[in-house]
Amino acid sequence: MGADEPPRRREVRPRSVARVLPDVAGLDKTFDYAVPASLGPDVRVGTIVRVELHGRRVGGWIVELVDAPAAAVDATRLKPIAKVTGWGPLPDVVDLSAWAAWRWAGRRSAFLGTASPPVAVRGLPSAAVRERSTVAESSRNVVVHRVPPAGDVVPLVRDAMARGDALVLTPSVAGAARLARRMETPVARYPHDWARAAAGGCTVVGARAAAWAPVPNLAAIVVLDEHDEAYQEERAPTWHARDVVIERARRARVPCLLVSPCPSLDALAAAADVVTPSRADERAGWPVVDVVDRRREPPGLGLYSTRLVDAVRSGGRVVCVLNRTGRARLLACAACGELARCEVCDAAVETIEEGLRCRRCGATRPVVCAACGATRLKTLRTGVTKARDELARLANRPVVEVTATTLDDADLTGAGVLVGTEAVLHRVGRADVVAFLELDQELLAPRYRAAEQALALLARAARVVGGRAGGGRLLLQTRLPRHPVVDAALHADPSRLATVELVARTALRFPPAAALAAISGPAASEYVDQLRDRVDVELLGPADGRWLVRASEHQLLCDALATLTRPPGRLRVEVDPLRI
DNA sequence: CGGACAAGCTGA
DNA sequence: CAGCTTGTCCGG
């Protein structure tokens, strides 16, 4: 591969046997079909076809083409391919799908589906062919670029595009559209412009799925906001776009740039090099951080410190973040102190307008203490709705509540004070201050990635208020003012968190110091029983009906999972689970 | 997945 | 034993 490669010639002799992977859920096996001479030129590795299988017509992908004499079976007895539907993933992506099926213990069709055009593509538009300017040496192709929240990533993207056809990923589809608009040369958006991307000669931009985009002359890959969890698919196979493109770049021997204000430990572990801004530039790109130590405050202020109240009264635009919806998520009797729980299932109840509602089973009941009959309950955990009312009183101006369920077209431009779950940070354009009413909830969340996620949240907030030069401010209410996350934000230096976090992960054997898979569902125990006598993987659990499989690295974990047979029944295999 | 086919169950 | 359900197997 390279600039001096002779132009590719069409196959002289049509290959006559196609190995087809049917797009049938629950089937992860290829079948051989004869390629009728009439279809010859349309049939390539990746082509989407329809074939007869077990008496019905199903769609599928050609994953391999075999010369008839070399094929083990007699080509004349094979059923022919019934129809060519159109273009499918290019051969490099077809190969990548086999790797991903191993890496995330999933079916290949899940990946090929993501890599396929949303509507049938019969022909590709003509393309302006560009050559790649340079080819990276394969061993140092992953580079992490730390760019502060207020920094501009467009120059990095332009550099990548200058190398030739680049693939650029953003966490959200909206972000991809925004980036596409900022580029002066046209780019193809994935999956919408599938055919244009497959034709080559342009940069491809998209969200997670674009990791699977066709880029025939790939020259570089850029992952923006690499730390964002939107890059991981929630449904099994739980593939991660960052890890897919790292492997893709390695195979194509092109550079892979992972860009983030707070790079994940996984990115840092994969990187051959980390490019950091100067201390001055990084400081300028983060806002001023006010830490309110809530241990030093008089009791009775609730969620609202004096500094917070000053901020909401200041007249500037203030966004308050509280990651709890509803009014009150945990209540206790004002008389006897008993926790308010559901009469049906014992779970904690929350307040709604008509009374109390169980958060687990939805049963409702009037506001009465089940233990002593008192009718006055006190709030132990305030939700966003209640915070809105209280803030409105304190601020003496209207306060708008924003959660993930707030309508997309709601006009927030005029709102002076907003309160919401972290969704508010995605909805609000700009603000003078973002205040975290209860940061400790994020810092101490019972997930091993909690600290990383908390810093990512602060980075997102930092983008809303801008860098310190523009007067941007974050206000953090916490009882853990020396927590490494607070420390990292305060010093505008995410490596302060990464360093201590890596030590903790190594001690606890969590990724990236180990590779994990979570196995759940009714068939889980039968599945994991096959791992019992292995020494290269460790089996933990079950906890909450979920088993954990741990190995020192993915090679061992995925090899072990690949040897298992799937018992009948529902089974969920999550490699690299997020929520543990 | 979904069709084919076998084995098991029911009712007259 | 017809008629139906349930389970298992397998696809080129």
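Between the A:T238 side chain and the A:V575 main chain, a donor and an acceptor come within less than 3.5 Å of each other.
In this structure, CG of A:L571 is placed 13 Å from P of B:dC1, rounded to the nearest angstrom. In this entry the distance linking CZ of A:R566 with C1' of B:dC1 reads 14 Å, nearest Å. Residue A:I62 contributes atom CD1, which lies 17 Å from atom P of C:dG12 at whole-angstrom precision.
The heavy-atom pair separating A:Y190 from A:T114 by the smallest distance is OH-O, 2.7 Å.
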(Q) Please determine whether side-chain contact (heavy atoms from CB on, under 4.5 Å) holds for the pair A:V51 and A:K79, giving the CA-CA distance in whole Å, both sets of side-chain angles, and the decisive distance to 0.1 Å. (A) CA-CA 8 Å; A:V51 291; A:K79 290 190 177 172; over 6 Å; no
Short heteroatom pairs, N/O only, protein and nucleotides 7-11 of chain C, under 3.5 Å:
{"from": "C:dG11", "atom 1": "O4'", "to": "A:H54", "atom 2": "ND1", "distance (Å)": "2.9"}
{"from": "C:dG11", "atom 1": "N2", "to": "A:R56", "atom 2": "NH2", "distance (Å)": "3.2"}

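To the nearest 0.5 Å, atoms CD1 (A:I81) and CD (A:E52) are separated by 13.0 Å.
Between A:W212 and A:W194, the distance separating the two ring centers is not shorter than 6.0 angstrom.
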